[in-house]
Amino acid sequence: MCGVFGAYSKTDCVAEEVYLGLMALQHRGQESAGVAWIDGCGRVNVAKGMGLVHEALDQDSLSKTNVTSAIGHVRYSTAGGSMIQNAQPICANYAQGPVAIAHNGNLTNLSDLRSSLENKGAIFQSTSDTEAILHLVAHQPDKRPLDALLGALERVRGAFSLVVLLEDGVVAARDPWGFRPLVLGKRDGNYYISSESCAFSLIGATLVRDIEPGEVLLINENGLTSYRLDSKADRGWLCSFEFVYLARPDSVIEGKSVYKARQEMGRKLARDAGGEGCHVKGDSGAADFVAYLPDSGTTAAIGYAEESGIPFAAAVVRNRYVGRTFIQPTQRVRELGVRIKLSPSQDLFAGHRAILVDDSLVRGTTAGLVVSMIRECNAKELHLRISSPPVRYPCYYGIDTPSRGDLAAAKQSLDDIAASIGADSLSYLSKDEMIEAIGLPGDRLCTACFDGCYLDGPAKRMACASCGNS
Ligand code: SF4
């Protein structure tokens, strides 16, 4: 998962706004950050570094960078390792001019593209799939950069939400299937492109619309010019996991509030939990309170508490200065991170029956450690409720879910998961209920990590084009 941001103005300097936009997208990637712009000599420049936005980039220097268009990126590696060579935007000054690309998503035909390009002499500087797009552009030196970009995007398959900087202007592009969100915002005469609408409020911009699947939008002194990729998609594949976990709750994706979707997921989960929604399975009385795993389980837990009438309690406290465990690169760091990050309240849990709501259960690592910490608090009962369906399949479209062998629900029954985690009971939301809660038709959403239904069919269950994971 990554975040991209771009800004175009006729008059204002925008590099610092891109920095601020990236800060609002920090939840989408914490490994590296970068900002690119074209200087007065027509050369692309980039500032990038490892770590959080404020560690990787110098805000003061960007605030003094006198450019009216710029793009940026925050990265969490899904294709290619966590190293500075893979930090984005990826930039080049090629035969037709400067180009910088910031990419969210994973290409599924990368190995074919890469061998075809290497056979034509391309030398890759990174292991990131985004570099393949750059080479595809550079291998069409007879075309204007925008036409070369359109030609390149016709050849790639899988998930891409891009912001691209050319001498022609700032370009936003979204794959024909619409896997990852990408939105257009505006403030006065300035235009902004962002992975999520939450970044617009920080800079005083308002959401105009989503970039449509298959749309390539050029923003320059002539205003907005929209192009269409020839590739056709017979249905949409917007990532349902954006609504479950990935996106910020104050974002709106394809007209749907992420907050309301999560709240409704929690409500539906409570309705499932027993007739009137206020009794947990296997228990004759109501639980004493509904707790949540901060922060991503919070909104669903609010919906659960509202629907069930069971009091809501912030019984698990989060250390705000530690990042998300899901996007830490190794199991050891993830496990240590959970103890550092989350702390159950002994006073609240001791002798009480609690419902613990989380948004998803992937490996089961976080849930298992938190349940064992809550057991140490002498909780009487602990019932785990997951506001999404069981994750049984890997994602090949830009999310770092592990291979099938490491997915708890792919290798164990739900009863076995509950037992191994140490919960008294465990239940999930069904796929249909999740889709209803999002409020978009099922044929506009990707649910592959829940049901194994991939864009390219069952073959894609066998091996990931970029990492070989199955
Ligand atoms: S497989 Fe899952 S995480 Fe990946 S794009 Fe589809 S819904 Fe999203």
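Here the structure is a predicted model, which is why all the values come from computation and not from measurement. Heavy-atom basis, side chains included; hydrogens, waters and symmetry copies ignored. Atoms within a ligand are numbered from 1 in the order they appear, just like the ligands themselves.
Remark: ligand 1 atoms within the under-4.0 Å shell around heavy atoms of C239 are 3 (S), 5 (S), 7 (S), 8 (Fe). Within ligand 1, counting atoms from 1 as listed, the ones closer than 4.0 Å to a heavy atom of S240 are 7 (S). Close contacts between ligand 1 and Y397 involve ligand atoms 5 (S) [criterion: under 4.0 Å to a heavy atom].
For atom 2 (Fe) of ligand 1, the nearest protein heavy atom (residue, atom name, distance) is C449 SG, 2.3 Å.
A distance-only check finds a donor-acceptor pair linking the side chain of Q26 to the backbone of G29 [under 3.5 Å].
Salt-bridge check for R385 with D358: failed, with every basic side-chain N at 4.0 Å or more from each acidic carboxylate O. Taking a cutoff of 4.0 Å between a charged side-chain nitrogen and a carboxylate oxygen, R262 and D359 do not qualify as a salt bridge.
Assignment of R180 to the shell around ligand 1 is supported, since a heavy atom sits closer than 4.0 Å.
Residue side and main chain included, C446 places an N/O/S atom under 2.8 Å of atom 6 (Fe) of ligand 1.
A donor atom on one side chain and an acceptor atom on the other are found under 3.5 Å apart for Y192 and R187. No hydrogens or angles considered: a donor-acceptor pair under 3.5 Å links the side chains of E433 and S430. With 3.5 Å as the limit, one finds a donor-acceptor pair spanning the side chains of E131 and S126.
Among G158, S388, C395, the residue whose heavy atom lies nearest to atom 4 (Fe) of ligand 1 is C395.
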